[in-house]
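One structure is given below, encoded as structure tokens.
First listed ligand is number 1; within each ligand, the first listed atom is number 1. Hydrogens, waters and symmetry mates play no part in the numbers below; they use all other heavy atoms, side chains included. Heads up: numbering here begins at 1 and tracks the sequence.
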Amino acid sequence: MPLTPLVYWAQRHEDIYLRVELTDAQDIDVHVHENFLQFKAQGHGAKGQNEYEFSLEFLSPVKPEVIHRSTQRQVSITVKKGQHGWWERLTLKERKPVFLAPDFDRWLDESDAEMEIREKEEKKNRLKASRHKEEEGFISLKTAFLFVYNLVQFLGFSWIFVNMTVRLFIFGQDSLYDTFHTISDVMFFCQILAAVEVLNAAFGVVHSGVIPSLIQVVGRNFVLFIIFGSLEEMHNRPVVFFVFYLWSAIEIVRYPFYMLGCFNTEWKTLTWLRYTIWIPLYPLGVLAEAVAVIQSIPIFDETKLFSIPLPKALGTSISFSFVLYIYLVLMFLGLLINFRHLYKQRKRRFRTKKRKAN
Ligand SMILES: CCCCCCCCCCCCC[C@@H](O)CC(=O)SCCNC(=O)CCNC(=O)[C@H](O)C(C)(C)COP(=O)(O)OP(=O)(O)OC[C@H]1O[C@@H](n2cnc3c(N)ncnc32)[C@H](O)[C@@H]1OP(=O)(O)O
């Protein structure tokens, strides 16, 4: 005759909990099929160390997956009900088996269980609401940060653009020769700050591509700091005017476009300009930058600035102009990558708009 352990039970709307009074249980075997559960294990029960087993025919079918956990004192079993609901008793037969008793440690009647569900639900909702609040706080902080960043850049580039335009009207051609002296400080500031755009893209703060942003920032800063900044001979060249004018022409459109975007607003003309004027400006900008690089080559050769010293056996040094030739090729590649990126952005933008309009 097999020995039967004491079994305590309780229920919730979704689960059945069984507690089997066996200490140090081993070789536990629990099987569930439709509404039938079979249990077998070695352990220390009411009749000492022995093999114990029991079976239960549940009131309704249960799910086949069963979770059991054994501790030094007992074996806990959780069975999922086939259908969410309250059972009036555990077993199909009205007369309960003698080894079965309610587990008063976990016992709840139907209304208590419903209350428990409601409390859990409320807790979940409270957690959701507090997470939502945190997210909202983060979003508004991000929006404020982006807005201020875009505003500062807009003001900087507007100052540059307006200043250069006014000077062009007042001084005519003469103004082309002293752009660097009048504008460079603000341009340095704006272009150093533009490194933030690479970080924004890298950390997912905005949906820009990292490579296009990097090409843009590295490309411009190379021209600004290495070609213009380090060579006094370049300061009075008209090419500085064209490079600065082309850069600022796009930025006085791009940053206000982003500022409106921070508030999910747009002004159609501005959107059209942001995604269209790069078509002539970008190649012109790269052309102006290439002219600046080409003009600087003889100066680097002559001054030997940034030249790379070589061991005596090989010769004197490698001129920095060698790096500039490589850079001219990179510029061409950078132009292709960014042109393709901006073309895709333009298509995406106008395609979405058209779809929304339909
Ligand atoms: C790997 C390094 C190698 C280095 C090699 C160097 C090679 C040198 C190559 C040199 C070429 C550079 C030449 C260049 O300097 C010449 C000129 O600039 S000439 C002037 C004309 N230029 C332009 O028109 C380009 C202007 N620049 C840009 O458009 C961007 O910098 C660029 C990264 C190229 C593209 O922009 P982005 O990917 O950001 O596109 P979107 O505007 O569509 O933005 C995507 C979404 O992100 C949101 N966003 C982005 N930034 C912000 C922000 N600051 N604030 C708020 N929101 C932002 C934007 O709203 C879009 O959102 P959504 O998707 O919801 O619409």
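- The protein reaches atom 42 (O) of ligand 1 closely, with a heavy atom under 4.0 angstrom from it.
- Between Arg12 and Glu116 there is a salt bridge, since a side-chain N of the basic residue sits under 4.0 Å from a carboxylate O of the acidic one.
- Proximity annotation for atom 9 (C) of ligand 1: of Val198, Val196, Ile215, Ile215 comes nearest, heavy atoms only.
- For atom 30 (C) of ligand 1, a protein heavy-atom neighbour is present inside the 4.0 Å cut-off.
- In summary, the atoms of ligand 1 found under 4.0 Å from a heavy atom of Asn150, numbered by their order in the structure, are 53 (C), 54 (N), 55 (N), 56 (C).
- Remark: among candidates Gln345, Gln153, Arg349, the nearest residue to atom 44 (O) of ligand 1 is Gln345, based on non-hydrogen atoms.
- Protein heavy atom in closest approach to atom 39 (O) of ligand 1: Ser208 OG, 2.6 Å.
- Counting protein heavy atoms only, atom 15 (O) of ligand 1 is closest to Glu289 OE2, 2.8 Å.
- The single protein non-hydrogen atom nearest to atom 7 (C) of ligand 1 is Leu330 O, 3.8 Å, given as residue, atom name and distance.
- The aromatic rings of Phe257 and Tyr275 stand perpendicular to each other, their planes meeting at an angle above 60°, with 30° marking the opposite boundary.
- Annotation: ring-ring contact (aromatic ring centres under 6.0 Å, His included) contacts involving residues 197-225, sequence neighbours excluded, comprise Phe188-Phe225, Phe222-Tyr327.
- Within 6.0 Å of NE2 on His84 lie more than 12 heavy atoms contributed by other residues, nucleotides or ligands.
- Below 30°, between 30° and 60°, or above 60°: for Trp278 and Phe339 the angle between ring planes is above 60°, a perpendicular geometry.
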Original post:
So Asp15 and Thr78, side chain to side chain donor-acceptor pair (under 3.5 Å) or not? Walk me through it.
Top reply: CA-CA 7 Å; Asp15 303 304; Thr78 305; over 6 Å; no

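- Closest to atom 1 (C) of ligand 1 among all protein heavy atoms lies Leu214 CD2, 3.7 Å.
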